[in-house]
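Since this is a predicted model, take the numbers as computed values, not measurements.
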Amino acid sequence: MDPSPTTKSKRLYQLWKGNNKFLCGGRAVFGPDAGSLFLTTFLIGGPATAFCIKMLLLLVRKDDPCYDIPVLVGGLVLAIMVGKVKFVGRDPGIIPRNCQPPESDESVGIPSQSMEWVNNKITDVKLPRTKDLIVNGHSIKVKFCDTCLLYRPPRASHCSICNNCIQKFDHHCPWVGQCIGRRNYPYFIGFITSSTTLCIYVFAFSWFNVLRQHGTLWSAMSNDVLSVVLIAYCFIAFWFVGGLTLFHVYLISTNQTTYENFRYRYDKKENPFNRGIIKNFKQVFLSKIPVSAINFREWVTEDDDSIKGGSDINGNFVGKGKFDIEMGGKFGKDGAMHLPSILQNLDYGSLDDNLKKKGEEKPAFDPFLFPADQEQPNSPQIFIDKSNPVGDNRKQQLS
C-alpha cells in the first residue's frame, strides 16, 4: 500500500526526467510519440472490422452458415488476440538513472593517458568513457551514459526519443510510440505475429469470398468491391508486418537485437550472446519477465533517493540501497556485499595459475578498482592486464 502523501509529495512519474507520457496515474508508460498508436489501431482494426462486418452480412443473408459462422468467429478471435497483446503501455525495462555520477578517487587535475575520460563540471568527477567486461570469453564494452549518469549494462542503450536507458534495447517502435526492450519484447513478438496471421487470414478468405461467387472473376470482383479492397490492402501490409516478423525470428534465433544487428554486424564476427537456436528461443519466450526496476506510482519528494536510483554495469539495479560501483556489487540488508549474477557464474578455476604468476606483481593504480593491498571481504580481486594498459583495450580479469 502506498504511504500517505504529504503536501509536497508527488508520484514518481510526475517527477520523471525522461520524455515519457503516463496514463492511469503512472500505470501505463508511453513514449512522447504515443499518438501514433491511434493510427496503428486504425490501420489494423479498420480492415479487421470491415472483414467481420462483411462476414456478418453474409451470415444475415443466410448465404452459407456453415462457412460464414466459423470464418466470422476466426476473424473475431484473431482481431481480439492482436488487441489483447499487453505490451503497449508496459515498462520496456527503463533503467533507474542517477542524479550524481559515480564517485572517483582521482581528481580532475591529474592527467591520464589511459583512455578517454568523462568530465562532470558539477561534481568535478573524472570517469572513463568505457569499461570492458568479459562475457562468455568475449570482451564487451560498457559505455558511460552522460544523461543517466551510469554505466549501461551489456546490451542496454539510451533511447534518444524517450530519453531513457533501456535494458536489452531493441528499438523504438514509432508505430506504437514505445521502446521495445527486455520487459516487453516477447509481447511485441506476439503483436507482430498475430498481426501477420490476421493479415493472411483476411487476405485468404477475402479471395475465397470472391471466388465462391457465380460468374466470371471480373464480374465477381465488381460485385464485391470490399473484398477486393481488403485483398489489395492485406497484400501490401503483409510485406511490412510479415517481413518484420521474419526478421525478428532471425534475430531471436541468433540472439540479437535490432540495435545490435545494425550496429555490430554479428554476421561478420562472433556473437558473444548466441547460445544456440533452441536456447535462444527459450530465453525469449520461456524466461520469466523481470519486474520493473522503477515504481512510477511511488510517493516521492524531489530530493528523495527513490528518484535517484542506481545501477551497476551488470544490470543489477539499486533503489535506496547502498551501491558499490567499483566492484559492481551491492550491499544487502545484512551489510554484506552481494555479487551480481554475472560475476557469481564466472569460472575462476582457469585463472588460478595466471594469478599465481601475477601475485607478486603490483598492479598499476586505477581509481575504479580497489587497491591490491586492500583486500575487500566477500569480493573478488581485480587485476589489470599490464600487457596493454593504455587505450580501450584494457580488460579486467576476475578471480
Side-chain angles (χ1 to χ4, degrees), residues 13-14 16-52 75 78-95 147 156-203 229-230 232-249 251-252 257-263 289 292 294 296:
Y13 75 89
Q14 296 175 311
W16 189 247
K17 296 182 180 180
N19 297 333
N20 303 89
K21 293 181 179 180
F22 299 90
L23 295 178
C24 302
R27 293 179 177 87
V29 185
F30 297 90
D33 52 346
S36 60
L37 184 60
F38 294 101
L39 175 61
T40 303
T41 302
F42 174 77
L43 293 176
I44 297 177
T49 303
F51 176 78
C52 291
L78 286 175
I80 293 174
M81 286 178 60
V82 175
K84 290 288 287 184
V85 178
K86 298 180 181 180
F87 85 96
V88 176
R90 187 184 185 94
D91 174 13
I94 300 175
I95 300 176
T147 302
S157 184
H158 190 91
C159 176
S160 59
I161 299 176
C162 292
N163 195 28
N164 294 311
C165 281
I166 307 296
Q167 301 179 61
K168 198 179 179 182
F169 177 76
D170 190 86
H171 69 288
H172 182 93
C173 182
W175 296 103
V176 296
Q178 177 68 294
C179 284
I180 308 301
R182 184 179 181 184
R183 296 192 70 251
N184 63 354
Y185 184 74
Y187 299 98
F188 172 75
I189 296 300
F191 173 74
I192 61 175
T193 302
S194 57
S195 299
T196 302
T197 304
L198 177 62
C199 186
I200 296 174
Y201 187 90
V202 173
F203 176 83
V229 173
L230 290 175
Y233 181 88
C234 292
F235 177 80
I236 296 174
F238 173 78
W239 294 105
F240 291 93
V241 294
L244 183 63
T245 301
L246 293 176
F247 174 65
H248 278 277
V249 169
L251 292 180
I252 295 173
T257 64
T258 302
Y259 180 80
E260 291 170 346
N261 180 263
F262 282 96
R263 179 168 182 175
I289 302 296
S292 176
I294 306 174
F296 287 107

Could you tell me whether the side chain of Asn20 and the main chain of Phe30 form a donor-acceptor pair under 3.5 Å?
yes
Supply the atom-to-atom distance Ile95 CD1 to Asn164 CG, rounded to the nearest 0.5 angstrom.
9.5 Å
Rounded to the nearest 0.5 Å, how far does CD1 of Ile294 lie from CD1 of Ile94?
5.5 Å
Gly181 versus Ile166, closest heavy-atom pair with distance:
CA-CG2, 3.9 Å
For Val202 and Cys234, the nearest pair of non-hydrogen atoms, with its separation, is CG1-SG, 3.6 Å
Do Met81 and Thr197 touch side chain to side chain, with heavy atoms closer than 4.5 Å?
no
How long is the span from the NE2 atom in His171 to the OG atom in Ser157, to the nearest 0.5 Å?
13.0 Å
Using the ring centroid of each side chain, check whether Phe203 and Phe238 are separated by less than 6.0 Å.
no
Nearest heavy-atom neighbours spanning Cys162 and Gly31:
SG-CA, 3.8 Å
Tell me if a side-chain donor or acceptor on Arg90 pairs with a main-chain N or O of Arg183 at a distance below 3.5 Å.
yes
What do the steps show when you test Phe191 against Ile44 for side chain to side chain contact (heavy atoms under 4.5 Å, CB included), and what is the final call?
CA-CA 11 Å; Phe191 173 74; Ile44 297 177; 3.6 Å; yes
In terms of heavy-atom contacts, Ile192 and Thr196 come closest through O-OG1, 2.8 Å
Which distance, rounded to the nearest 0.5 Å, do you find between the CG of Asn261 and the OH of Tyr259?
12.5 Å
To the nearest 0.5 Å, what is the distance between CG on Leu246 and OG1 on Thr193?
9.5 Å
Tell me every residue that passes side chain to side chain donor-acceptor pair (under 3.5 Å) with His158, counting only those two or more places apart in sequence or in another chain.
Asn163
Residues Pro32 and Ile161: closest non-hydrogen pair is CG-O, 3.4 Å
Are any side-chain N or O atoms of Asp170 and backbone N or O atoms of Thr258, one a donor and one an acceptor, separated by less than 3.5 Å?
yes
Under 3.5 Å, side chain of Asn184 to main-chain N/O of Cys179, donor-acceptor pair present?
yes
In this structure, are over 12 heavy atoms from other groups packed under 6.0 Å from Phe235 atom CZ?
no
Has Gln178 got a side-chain atom pairing as donor or acceptor with Val29's backbone, closer than 3.5 angstrom?
yes
Tyr233 atom OH: more than 12 heavy-atom contacts under 6.0 Å:
yes
Ring centre gap for His248 and Phe188 strictly below 6.0 Å
yes
Do you know the tightest heavy-atom contact between Asn19 and Ser160?
ND2-O, 4.3 Å
If only atom types and distance count, is the side chain of Tyr13 paired as donor or acceptor with the main-chain N or O of Arg27 below 3.5 Å?
no
Working to the nearest 0.5 Å, report the span between CG of Leu37 and SG of Cys173.
9.5 Å
4.5 Å side-chain heavy-atom contact, Trp175 and Leu244:
no
